[in-house]
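Chain letters run A, B, ... following the sequence lines, proteins first, then strands; residues in each count from 1. Since the model is a prediction, treat every value here as computed from it, not as a measurement.
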Amino acid sequence: MAQHTFQAPTGTRDFYPLDAAQRRFLTESWRAASIRHGFEEVDGPTFEHLDLYTVKSGEGIVSELFSFTRAGGERTYALRPEFTPTLARLFAAKANSLPRPTKWFCTPTFFRAERPQRGRLREFLQWNLDIIGDASPAADAELIATCVTMLASLGFTPKDLRVKINHRAALAEWFNRRGIAEAEHAKILTLLDQKGKMPPGDFAHKLAQFGFTPEMAEVFQRGIIRVEIPAGAGGVTVMGEQVTREQVGGAGHADPVDLTFFAEAVRPLAIELAAAGVIDWIDFDLSIVRGLAYYTGMVFEVHEASGAERAVAGGGRYDNLIELFGGPPTPAVGMGMGDVVLALVMKDKGLMPDEGGLLERAGMRPDVFVISNGTPGAEQQLRPLVAALRRAGMHARHTYKTTRNVGKLLKEAADQRAHVAIIIEDEATCSLKVLATGAQQKVSLAEAVGAAKIARVTTAPGVC
RNA sequence: GUGGCCGUAGCUCAGCUGGUAGAGCACGAGGUUGUGAUCCUUGGGGUCGCGGGUUCAAAUCCCGUCGGUCACCCCA
């Protein structure tokens, strides 16, 4: 009978030790930033009733889900494709006893039945961050600031990544003032979303159907708009690119471009972002609209500065969503960041730690590697010393090879990224070597555990 | 779901217009002077993604299929 070989399902990943270390590094970075900003960790089931997802997104979503029924069962379930419905369910169930705002985060796995491509897989991790019960621009800014702080902790700068912010409510109000019917708004948003996938001429032509001039199309193409911030709110007075009537149509044009209203609408948010110290990362950009329906206010995406790669993160305000899932009317703002694009962009920018760095940051490096020099007395002490180190809370390893060549075993200790090597000389003494520096000292075997602890603490590179 | 490109050792690949598989690195074992090096010896590992077809003969040519990748659709 021929052996059958099994492959991992399409769009999934196997996590060998180094991959697992990278995953843990990312999730720990997410966790640390969340906790520093006062968010609490939550989670829910990996699968939910299918209905939970069709409520918000309609039946069309089903083809994008992994759904199933239990053999012999009636109900249909789906592996979770996102966290927001679960979050809304959790909040709605205890809404009366939860504080306002409630600040929650999680870093779980999600599943989408799409064909994988660059930056998109069928199973992935996503950091979710939500502030529920606070309608203020300060909450929007806090969410974005948490996201930015996390990215900065990985080594990104405002030159690497840009946070592009738009405002659905302000756009809608602006459209209304231009006399565009409510029913047309979604079509315009869709058109804006697809702008990058068509020639500029086509885009202008399609926009014209909604009464926009080619000059307005030019404004949307430029995207970034100018927003003035009062001095004293973070010391920044002006941000963004000046778009003047002269640049896009001339002062005498019949339909002059006036974005004053829009700039006024987002200024409170800009002031909060300046106060949070992240204004350097921000562009107010009319071309960011984010997919579908439920956003009601601020929307944002984090992009690699040159526009390469997919969005690293995205989110926005959804003030109707908790209600939609059966809770009391509650304003909320949230975001998600997937691990796949994040890792790609980190590698693009040279910010992904190397093997040693990943093991370090994931907490996987051995504290001590114990070597016997091969004499009978030393050999006898090897296992007791390893055991004693482990009892003392240290990550201790030893070789499984038969050779007792000290040079080879030191190489093995270094290959395994151990911090300290202990070479047992005989039944009573050993040498303790700090591998990073080569410094070596003789100690009695009885003192070895204590000496290793001290060496480990005083030589540990800081984990930031 | 649709299309382009790609599948040879753990990795990077060689193998020409057909003549039943190789290199480097890596890995295992051992040696050399007991300190992360160099060096030497040696070992394991592939029904060439899978299945069919053409042929005396297929890693090589043809078809299908599976997988990967990139793009479209979609992107919560």
Can you see if the side chain of Lys411(A) gets near the phosphate of rA37(B) - specifically, an N or O under 4.0 Å from OP1 or OP2?
yes
Looking across every strand, which nucleic acid part, if any, lies under 4.0 Å from Gly438(A) by heavy atom: base, sugar-phosphate, or nothing?
base
Donor-acceptor contact present, side-chain His185(A) to main-chain Ile180(A), <3.5 Å
yes
Using the P atom in both, what is the distance from rC11(B) to rU69(B), to the nearest Å?
14 Å
Rounded distance (Å) that lies between atom P of rU35(B) and atom CG of Leu409(A)
12 Å
Nearest-angstrom distance from the residue atom CZ of Phe66(A) to P of rA76(B):
18 Å
Is it true that Asp19(A) and Arg13(A) have a side-chain N and a carboxylate O under 4.0 angstrom from each other?
no
To the nearest angstrom, how far is Leu410(A) atom CG from rU38(B) atom P?
14 Å
Round to the nearest Å and state the distance from Phe325(A) atom CZ to rA76(B) atom P.
14 Å
Say you pick atom P in rG64(B) and the same atom in rU2(B); how far apart are they, in whole Å?
14 Å
Select from Ala113(A) and Thr10(A) the residue whose nearest nucleotide in RNA chain B is closer to the 5' end of that strand.
Thr10(A)
Whether Asp130(A) side chain and Ile132(A) backbone form a donor-acceptor pair below 3.5 Å
no
I want to verify a distance call: between rC75(B), rG31(B), rA71(B), whose nearest atom is closest to the Arg120(A) side chain?
rC75(B)
Kindly point out which of rU35(B), rC75(B), rG36(B) is positioned nearest to the side chain of Leu435(A)?
rG36(B)
When you compare rA59(B) with rG46(B), how far apart are their C1' atoms, in angstrom units rounded to a whole number?
11 Å
Output the rounded distance in Å from CD (Glu64(A)) to P (rC72(B)).
15 Å
Is the distance from OP1 or OP2 of rU35(B) to the nearest side-chain N or O of Ser431(A) less than 4.0 Å?
no
So which heavy atom on Ile165(A) is nearest to which on Leu269(A), and how close?
CG2-CD2, 3.9 Å
Atom CG of Leu121(A) to atom C1' of rG67(B): distance rounded to whole Å?
14 Å
If you assign each of Pro9(A) and Gln117(A) to its closest nucleotide in RNA chain B, which residue comes earlier from the 5' end?
Pro9(A)
Using the C1' atom as the reference point in each nucleotide, state the distance between rG44(B) and rA26(B) in Å, no decimals.
13 Å
rU60(B) versus rU20(B) - spacing of their P atoms, nearest Å
13 Å
Between Leu121(A), Thr46(A), Thr12(A), which is the residue that forms a side chain to side chain contact (heavy atoms under 4.5 Å, CB included) with Phe111(A)?
Thr46(A)
Write down the distance separating the C1' atoms in rC50(B) and rC40(B), rounded off to the nearest Å.
43 Å
Answer whether the closest heavy-atom distance between the side chains of Phe369(A) and Val420(A) falls below 4.5 Å.
no
Measuring from Phe105(A):CZ to Glu40(A):CD, what's the distance to the nearest 0.5 Å?
9.5 Å
Would you call Arg162(A) and Glu304(A) a salt bridge, using N to O less than 4.0 angstrom?
no
Between rC6(B) and rC62(B), how far is it from one P atom to the other, in whole Å?
12 Å
What is the nucleic acid contact for Gly11(A), judged by heavy atoms within less than 4.0 Å: base, sugar-phosphate only, or nothing?
sugar-phosphate
From CD of Glu412(A) across to P of rA26(B) the rounded distance in Å is 16 Å
For the pair made of CG in Asn405(A) and P in rA29(B), what is the distance, rounded to whole Å?
12 Å
Nearest listed nucleotide, side chain of Arg115(A), among rG31(B), rG1(B), rC74(B)
rG1(B)
Ignoring hydrogens and geometry beyond distance, is the side chain of Lys433(A) in donor-acceptor contact with the base of rG36(B) at under 3.5 Å?
yes
Taking the side chain of Tyr294(A) as heavy atoms from C-beta outward, which of rU35(B), rA76(B), rC73(B) is closest to it?
rA76(B)
Ignoring hydrogens and angles, does a donor from either the side chain of Gln440(A) or the base of rU35(B) sit under 3.5 Å from an acceptor on the other?
yes
Report which part of the nucleic acid Thr403(A) touches: base, sugar-phosphate, or nothing (heavy-atom distance under 4.0 Å, all strands).
sugar-phosphate
Given Thr429(A), Asp426(A), Leu385(A), the one that forms side chain to side chain contact (heavy atoms under 4.5 Å, CB included) with Leu445(A)
Leu385(A)
Need one value for Arg404(A): base, sugar-phosphate or nothing, where a base atom within 4.0 Å counts as base even if backbone is also close, heavy atoms only.
nothing
C1' gap between rG45(B) and rC61(B), integer Å
30 Å
For the backbone of Val299(A) and the side chain of His167(A), can you confirm whether one donor and one acceptor N or O come within less than 3.5 Å of each other?
no
Watson-Crick or G-U stems of RNA chain B, 3 or more pairs, under 3.5 Å, by first number
B:1-7 with B:66-72, B:10-13 with B:22-25, B:27-31 with B:39-43, B:49-53 with B:61-65
Please determine whether a side-chain nitrogen or oxygen atom of Lys401(A) lies at a distance below 4.0 Å from atom OP1 or OP2 of rG28(B).
yes
When only distance counts, do a donor and an acceptor, one from the side chain of Arg290(A) and one from the base of rA76(B), lie under 3.5 Å apart?
no
N/O (side chain, Arg310(A)) to phosphate O (OP1/OP2, rC75(B)) under 4.0 Å:
no
Look at Thr84(A) and rA76(B) and indicate whether a side-chain polar atom (N or O) is within less than 4.0 Å of OP1 or OP2.
no
